[in-house]
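Here's the structure we're looking at; comments come further down.
For the numbers below, each heavy atom of this structure counts, side chains included, while hydrogens, waters and symmetry mates do not. Sequence lines set the chain letters: A, B, ... in the order given, protein chains first and strands last, and positions in each chain run from 1.
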Amino acid sequence: MDKIFFHIDVNSAYLSWEAAYHLSHGGDIDYREIPSIVGGDPTTRHGIVLAKSIPAKAYGVQTGESLYMALNKCPDLLIIPAHFSRYIKASDAMVDLIARYTDKIQRYSIDEVFTDMSIYKKDYLKVASEISKNIKEELGFTVNIGISENKLLAKMASDFSKPDKIHTLFKDEIESKMWPLDIGDLFMVGSRTSKKLKGRGIKTIGDLANMDDEYIYTWLKKPGLQILSYARGEEFSDVHIEMDEIKSIGNSTTTPFDVTTMEDAERFILGLSEMVGFRLRRENMCAEVIRISIKNFDFMKKRRQIKLNAPIYSTTRIFEVAMELFKEIWGGDPIRKFSVSVSDLTSNEAVQLSMFEETYEKDKNFDTCVDNIRRKYGSKEVVRSTFLYSKIEPVIGGVAEDAKEYPMMKILL
DNA sequence: TCTGGGGTCCTAGGACCC
DNA sequence: TCTGGGGTCCTAGGACCC
């Protein structure tokens, strides 16, 4: 056996972190032991289940479904509002703890990490239980640890039975432990692909593993070959310690009411552009592609993007381009969600040199000034006048102000 | 009171060039 | 007056992840 990887996954992350926080602040009930969820606020149309306790799961409550449906299944459900800055702290604390054992850590998402534990060839099980015990005792929440010789199998293993468990899934265990599982349990097989595969009789991971490569490629192209090798347990990537470059930055919001006027649409798009621009400048990046997406009252999606001749980074420019695109796609139907994002990012140093135009210079100084104030005193301190008498937030988007930008995940592990 | 927000990657089709 | 094919860039849309 060449290498050993761990995949460490927080059990019901947001809910566990709320429970740990509550208990450590004098609370007397453990949310994990009653039917409870972390969820959004339905009055602003953010009402979905973000995380659920195991007792809530027993009622059939599912992550991603509306609170309305969840409450139908379990009327006594306790609903806890989300506090993202707490989750970032909890996640950081967990990574610090794991760093006692290795510096080969890849943060895969807020509640998952991969580690290369090849140095613990002899006693990986002991190390795993030590990490799991330390997290429980010091931080107050539990994790699942999956162990294997590649990251894919480690990730599949951590998903077996929960909570607070350690599982191995080495190559010689694939046939017995992974192949009998439902095809939908395989990494990268979502609901659409699962349905497609089952339509042709491929019901388990083992069924897929034994299919013919040509047949799968002709049918499902590149993603098909990807899941085929996953089904066979083939995956070769290393833990990447260094952060990958960011490919895009975007913010979106579901509006508290259906938007029907150009004035309100403008405010939402400006608020989102403010956050996107702020994050872009914080990374010292600029963008060549600007995109707007909207979802209307009956959930139809539309999007439009444009590649510019020159990269930009000012809020005003992002907003102007986004508005042009918006006007091209909006037919006047009521809107419930806006999103503004930028991609084709490059370092802004080269651009600054070529920036001789006066408006750019002005925009830059203005943005820098506003960014500094917002970083120091918060995003509410400087507000464009258009927001003064509206109920719309002047800066819209969910990335915490002090958070570092780090890429969340890749298709390939 | 029904349905979030942050991402990455892939494909298909059209435009354009040689 | 036609016909062709490869390569690249761009956009829209969709699938998946947490």
Side-chain angles (χ1 to χ4, degrees), chain A residues 7 9-10 12-14 38-51 62-73 79 81-82 84 87-88 91 107-113 152 155 158-159 184 186-197 220-227 230 244-257 272 275-276 279 288-309 325 328-329 336-345 396-400 403 405-413:
Chain A
H7 178 253
D9 190 335
V10 180
S12 317
Y14 293 178
V38 172
D41 176 8
T43 63
T44 55
R45 310 205 290 189
H46 287 64
I48 65 153
V49 176
L50 297 163
Q62 287 172 11
T63 303
E65 76 181 347
S66 65
L67 294 199
Y68 177 84
M69 282 168 63
L71 283 167
N72 266 342
K73 292 174 182 171
I79 299 170
F84 290 98
Y87 311 153
I88 290 167
S91 175
R107 289 184 93 144
Y108 185 63
S109 74
I110 193 160
D111 65 334
E112 287 177 46
V113 302
L152 182 270
K155 183 160 168 60
S158 70
D159 209 33
L186 182 61
F187 181 64
M188 289 311 289
V189 177
S191 63
R192 302 299 293 264
T193 310
S194 167
K195 215 174 153 189
K196 252 195 203 174
L197 291 165
L220 300 168
K221 301 283 180 288
K222 220 167 150 179
L225 289 186
Q226 184 74 74
I227 55 173
Y230 287 166
D244 296 319
E245 56 191 294
I246 298 161
K247 302 244 166 67
S248 69
I249 292 177
N251 287 96
S252 64
T253 190
T254 292
T255 56
F257 54 89
L272 290 164
M275 181 55 91
V276 171
R279 293 171 60 200
E288 260 172 89
V289 172
I290 314 299
R291 171 164 57 230
I292 182 118
S293 320
I294 53 176
K295 210 192 255 181
N296 77 5
F297 62 103
D298 56 359
F299 286 81
M300 299 290 290
K301 287 181 245 175
K302 258 191 201 165
R303 77 192 204 195
R304 195 160 187 88
Q305 69 179 56
I306 190 166
K307 186 169 171 105
L308 304 169
N309 293 323
L325 298 173
E328 287 169 25
I329 52 168
R336 71 170 279 135
K337 178 174 175 161
F338 289 90
S339 128
V340 172
S341 62
V342 298
S343 57
D344 278 40
L345 307 182
I396 306 169
V399 172
E405 301 284 348
Y406 60 90
M408 296 295 276
M409 69 152 296
K410 300 242 173 205
I411 285 267
L412 289 175
L413 295 170

What is the nucleic acid contact for [X], judged by heavy atoms within less than 4.0 Å: base, sugar-phosphate only, or nothing?
X: Glu65(A); value: nothing
X: Ile306(A); value: sugar-phosphate
X: Gly190(A); value: sugar-phosphate

Side-chain N or O of [X] closer than 4.0 Å to phosphate OP1/OP2 of [N]:
X: Arg336(A); N: dC2(B); answer: no
X: Arg192(A); N: dA15(C); answer: yes
X: Ser191(A); N: dA15(C); answer: no

For the residue pair Ser248(A) / Arg291(A), report whether a side-chain donor-acceptor contact shorter than 3.5 Å exists. no

Plane angle bin for Tyr230(A) and Phe187(A) - parallel if under 30°, tilted between 30 and 60°, otherwise perpendicular: tilted

Starting at the 5' end of DNA chain B and moving along, which residue's nearest nucleotide shows up first, Thr43(A) or Thr254(A)? Thr43(A)

In terms of the nearest nucleotide of DNA chain B, which residue is placed more toward the 5' end: Lys222(A) or Thr255(A)? Thr255(A)

Between dT8(B), dC18(C), dG5(B), spot the one nearest the side chain of Thr253(A), thanks. dG5(B)

Atom-to-atom span, CG of Leu225(A) to P of dT11(B) - whole angstrom: 10 Å

